[in-house]
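What follows is a set of notes on a single structure, which appears directly below.
Positions are given from 1 along the sequence. The analysis underlying the following values was restricted to heavy atoms, covering all of them including side chains, and did not include hydrogens, waters or symmetry mates.
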Amino acid sequence: MKTVKLVTIVALSSLFAGCTAPNDDSGANSAGPANTVAVDLRVRDNDQAAYVAVDSFNVPASHEIGDGMMPYEGIGWENELVGYRLYLDGRLVSDIFGKRTGEPALAQISEFGSYHDLAPWGMDVLKVGPSLGIGGLGTMRAGQPEQFGSVPKLSAKIDETGGSAGNFTVTADGIETPTGETAGFTADYSIASGSPLTRVKVKPTGDLPLATGIVMHDGAELLQSDNNGNGQWLYVATWGEQQSENKDGLGMALFYRAGQASYGGLANSTHYVSFNSGDFEYAFLAAWELDPQGVKSRDAFVALLDKELQALEGSSQ
């Protein structure tokens, strides 16, 4: 069992002052029947308290990485195929929960750090490190993508959960720019039943050079879509037979609009794209060898990429 570092944080009433409890009839953060989409956001103020489900949360300045304030350090979302989490701290990048079941599973995680071991529901299958994880937002510094490091004002709000689609919004502000000013963004995350794809729509505030990407692990193969100028979407992806934390097959992909971003290559262990100024949209997906998608080879993963790319092109018409 991993040791949990708990810092002294604000009293429960103060911590939850920035939270909104879920409505009884919304189904928020509850484990529903199979094939439903769930967004999970739970918090607590000390290691003896139970996690409490909320619909919105303003992350307090006292929050530190590893303090156990949230059961898996952020907000999670899932459908019957895959799960993800977004760290609600200075990292602010995404991770993958590989699932072995089609039923909602993230609300079962009640012990901080327990998700690193293979369980009947699945496990955390991605090592993120200092990279941008899978589809994590970061900033360009000295020509390479980096995690923000500090996000003084950060909040998350669940907009939809418990049915065939899930949606939540993250608002970040006070991030230092290369010119010494501060900026931020609002990011809308959405997922639907039947696809492993998460779509992200971003509205920057201020002059902040934003980027996203996918972590590159040793032994993984880089895959890219044909840039023939005929489509609005492109992808950069990796497949590795031992890329997961379970040392088995894992594929990751990042989709981006050709007119909004450009692929920059590999830097800081991340295959990244940097975005132009203005609002932008991107998407990402994961497929784990043991999850319900049944993707167990490179060829099967490429077939999934082509299918999702066509779906994105169709939604852009």
Trp77 and Phe168 aromatic centres sub-6.0 Å: yes
For Tyr256, is there any backbone N or O sitting under 3.5 Å from a side-chain donor or acceptor partner on Glu281? no
Exercise: identify the closest heavy-atom pair between Arg91 and Asp89: NH2-OD2, 2.7 Å
Going by distance alone, is a donor N or O of one side chain under 3.5 Å from an acceptor N or O of the other, for Arg42 and Ser110? no
So do Ser131 and Val93 actually touch side chain to side chain, heavy atoms under 4.5 Å? no
Assess the side chains of Tyr72 and Asp40: does a donor N or O sit below 3.5 Å from an acceptor N or O? yes
Minimal non-hydrogen separation, Glu160 against Val39, with atom names: O-CG2, 3.6 Å
Same cluster (ILVMFWY, side-chain, under 4.5 Å), Leu309 and Ile191: yes
Membership question, hydrophobic clusters at under 4.5 Å side-chain separation (ILVMFWY): are Met216 and Trp288 in the same one? no
Establish, from distance only, whether the side-chain atoms of Arg257 and Gln232 form a donor-acceptor pair under 3.5 Å. yes
Verify the ring-centre separation between Tyr272 and Tyr263: is it less than 6.0 angstrom? no
Indicate if Leu285 and Leu222 have the same hydrophobic cluster label, given that clusters are the connected sets of ILVMFWY residues with side-chain heavy-atom separations under 4.5 angstrom. yes
Does the ring of Phe301 carry Arg298 above it, NZ/CZ under 6.0 angstrom from centre and within 45° of its axis? no
Please find the pair of heavy atoms, one from Met252 and one from Ile214, that lie closest to each other, and give the distance. O-CD1, 3.8 Å
Under a 4.0 Å threshold between the charged nitrogen and the carboxylate oxygen, would Glu289 count as salt-bridged to Lys296? no
Can a donor-acceptor pair be found, under 3.5 Å and without considering hydrogens, that links the side chain of Tyr51 to the backbone of Glu111? no
Sub-3.5 Å donor-acceptor pair from the side chain of Arg199 to the main-chain atoms of Leu312, do we have one? no
Would a distance-only check, ignoring hydrogens and angles, find a side-chain to backbone donor-acceptor pair under 3.5 Å from Thr270 to Leu132? yes
Hey, is CG on Asp207 packed in by over 12 heavy atoms from elsewhere, all under 6.0 Å? no
If we count only N and O atoms by modelled type, under 3.5 Å, do the side chains of Asp291 and Gln293 hold a donor and an acceptor together? yes
Heavy-atom check, side chain of Ser262 versus side chain of Val273, under 4.5 Å: no
Under 3.5 Å donor-acceptor, Gln144 side chain and Ala267 backbone: no
Side chain Asn167, main chain Tyr189, donor-acceptor under 3.5 Å: yes
Closest heavy-atom pair and its distance - Ser94, Phe284: OG-CZ, 4.0 Å
Please say which of Thr182, Thr177, Thr179 ends up in a side-chain contact (heavy atoms from CB on, under 4.5 Å) with Leu208. Thr177
Under 3.5 Å: donor-acceptor pair, side chain of Lys127, backbone of Ser244: no
Electrostatic pair Asp124-Arg85, nearest N-O below 4.0 angstrom: yes
Would you name the heavy atoms of Thr139 and Pro209 that are closest together and state the gap between them? OG1-O, 2.9 Å
Does any N or O in the side chain of Asn276 come within less than 3.5 Å of the main-chain N or O of Gly259, such that one atom is a donor and the other an acceptor? yes
Side-chain donor/acceptor of Asn46 to backbone N/O of Gln48, under 3.5 Å: yes
Taking the basic N atoms (NZ, or NE/NH1/NH2) and the acidic carboxylate oxygens, is any pair closer than 4.0 Å for Asp188 and Lys201? no
Strictly by modelled atom types, are Glu221 and Thr238 linked by a side-chain donor-acceptor pair under 3.5 Å? no
So which atom in Leu106 and which in Trp121 form the shortest heavy-atom distance, rounded to 0.1 Å? CD2-CZ3, 4.5 Å
Using only heavy-atom distances, determine whether the side chains of Ser193 and Glu80 contain a donor-acceptor pair under 3.5 Å. yes
Note, Asn246 side chain near Met123 side chain (heavy atom, < 4.5 Å): yes
Would you call the rings of Tyr115 and Phe97 parallel, tilted or perpendicular if under 30° counts as parallel and over 60° as perpendicular? perpendicular
Between Phe255 and Tyr235, is the gap from one ring center to the other below 6.0 Å? yes
Main-chain N/O of Val52 paired to Arg44 side chain as donor or acceptor, under 3.5 Å: no
